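Everything on this sheet refers to the single structure shown next.
Every value quoted in this text rests on a predicted model; they were computed, and no experiment measured them.
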Amino acid sequence: MLDATNRSGGTATASPRASAAQLTTAVVVVPAAPPSAGLTARCAGVLLSPWSRLSLLVVLLASAASAMLLLEPQKLLTDGLPSQLGGAAAVVAYAVAYGVCTVAFVPRPILNLAAGALFGSQLGLGAALGGTVLGAGLAFCLGRALGQEALRPLLRGRWLKAADNQLSRHGFRSMLAARLFPGVPFAASNYCAAVSRMGLLPFLLATGLGSIPNTAAYAVAGARASTPTSPAFLIALACITVPGLVGAVVAWRKRHRLRTR
């Protein structure tokens, strides 16, 4: 009876089996992505790859070092600051310039002597310390963002692994020791810390505290350079040379421990 009704034009109901068949044969059409989107994604992946970022870091540092060679910041020892700068603005400007110069591998002793010669012992120490922390932070952030991912897989040598473990596990005290004893290159220690797993805050604190004695000695020496026989100059000179000798002796005695790790 139901079949006859369906044939005669009555209302027909679809069976569950027929509905399932219709659903399985339905095709969902998804619009294809334009070719330009895939090309853009590949280009972005290449530009943001670890080695591309490391290449960018090398180019930036080489450009900064070349600029410093052309500008000759050591002329501050003889020419002084521009006449339009004075007071607190001069101290802040020098601290910023100090930080940028250290990123570009300008030796800190020159900058510390210039700070003392330009501003005296106290203000010179403040400007030099501010520039030291600023430059260390800039170098650390650049190295961490552009170089860490590419360089960490290359830490395979025994000495490199030992230095990396020391900075990663005991970052604050290791960096504090590196800052207290002169002889450790400032820029090299910044980028080594950036490649390790050391945190930024312990790095900056260790840099600020550890750089005080050596920076103060250079600032006093720069301020008293016109009187090289004065007690202040001689004491400052002793504070520069004695820690360097102590650091060399400690490094010589620690070399066997690094080799055995």
Side-chain angles (χ1 to χ4, degrees), residues 57 61 65 95 98-113 115 125-148 151-152 154-155 157-221 236-261:
L57 176 62
L61 296 180
Y98 186 114
V100 175
C101 288
T102 56
V103 175
F105 303 102
V106 176
R108 285 183 63 245
I110 296 177
L111 300 173
N112 292 333
L113 289 172
L125 174 59
L129 277 180
T132 297
V133 176
L134 175 62
L138 289 175
F140 185 92
C141 293
L142 284 174
R144 179 62 57 88
L146 300 179
Q148 184 190 43
L151 293 177
R152 281 203 63 82
L154 302 180
L155 300 177
R158 183 179 299 174
W159 282 62
L160 292 176
K161 287 183 177 179
D164 177 63
N165 290 333
Q166 186 70 21
L167 287 173
S168 298
R169 297 179 182 178
H170 312 289
F172 178 81
R173 70 183 188 186
S174 299
M175 188 54 57
L176 184 64
R179 301 308 191 196
L180 284 172
F181 297 113
V184 180
F186 182 74
S189 61
N190 293 337
Y191 293 110
C192 288
V195 174
S196 71
R197 294 187 175 90
M198 182 180 183
L200 176 60
L201 183 58
F203 171 77
L204 294 178
L205 289 176
T207 297
L209 293 176
S211 300
I212 291 176
N214 182 259
T215 305
Y218 275 102
V220 172
L237 188 63
C239 292
I240 293 172
T241 56
V242 172
L245 295 175
V246 174
V249 172
V250 172
W252 178 260
R253 296 183 62 181
K254 293 289 186 180
R255 75 190 190 282
H256 298 293
R257 184 178 300 180
L258 289 175
R259 289 177 180 177
T260 56
R261 289 184 179 180

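- Of the N and O atoms on the side chains of Ser211 and Arg179, not one donor lies less than 3.5 Å from an acceptor on the other residue.
- A 4.5 Å side-chain heavy-atom check between Asn112 and Tyr98 finds at least one atom pair inside the cut-off.
- Residues Leu142 and Leu57 meet the side-chain proximity criterion, which asks for heavy atoms closer than 4.5 Å.
- Within the 4.5 Å cutoff, the side chain of Asn190 has no heavy atoms near those of the Phe140 side chain.
- Looking only at distances, no side-chain donor or acceptor of Arg144 sits under 3.5 Å from a matching main-chain atom of Ala139.
- With rounding to the nearest 0.5 angstrom, the CG atom of Leu209 is 11.0 Å from the CG atom of Leu204.
- Residues Ala95 and Ala127 approach most closely at CB-O, 3.6 Å, considering heavy atoms.
- One finds the CZ atom of Arg197 at 12.0 Å from the CG atom of Leu167 (value rounded to the nearest 0.5 Å).
- For Gly210 against Pro213, the heavy-atom pair with the smallest separation is O-CD, 3.6 Å.
- Within the model, atoms OG of Ser196 and CD of Gln166 stand 10.5 Å from one another, a figure rounded to the nearest 0.5 Å.
- When all heavy atoms of Ala65 and Phe105 are compared, the pair lying nearest together is CB-CD1, 4.4 Å.
- Of all heavy-atom pairs between Pro109 and Tyr218, the closest is CB-CE2, 3.6 Å.
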* To do: Would you check, one step at a time, whether the test side-chain contact (heavy atoms from CB on, under 4.5 Å) holds for Val133 with Leu129?
  => CA-CA 6 Å; Val133 176; Leu129 277 180; 5.6 Å; no
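- In plain terms, the two heavy atoms of Leu113 and Ala221 that are nearest each other are CD2-CB, 4.0 Å.
- When all heavy atoms of Met175 and Ala193 are compared, the pair lying nearest together is CE-CB, 3.7 Å.
- Contact check for Val103 versus Leu61: side-chain heavy atoms found under the 4.5 Å cut-off.
- Going from atom CG of Leu201 over to atom CZ of Phe172 covers 9.5 Å, rounded to the nearest 0.5 Å.
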* **Test log, rule side-chain contact (heavy atoms from CB on, under 4.5 Å), inputs Thr102 and Thr132** => CA-CA 8 Å; Thr102 56; Thr132 297; 5.9 Å; no
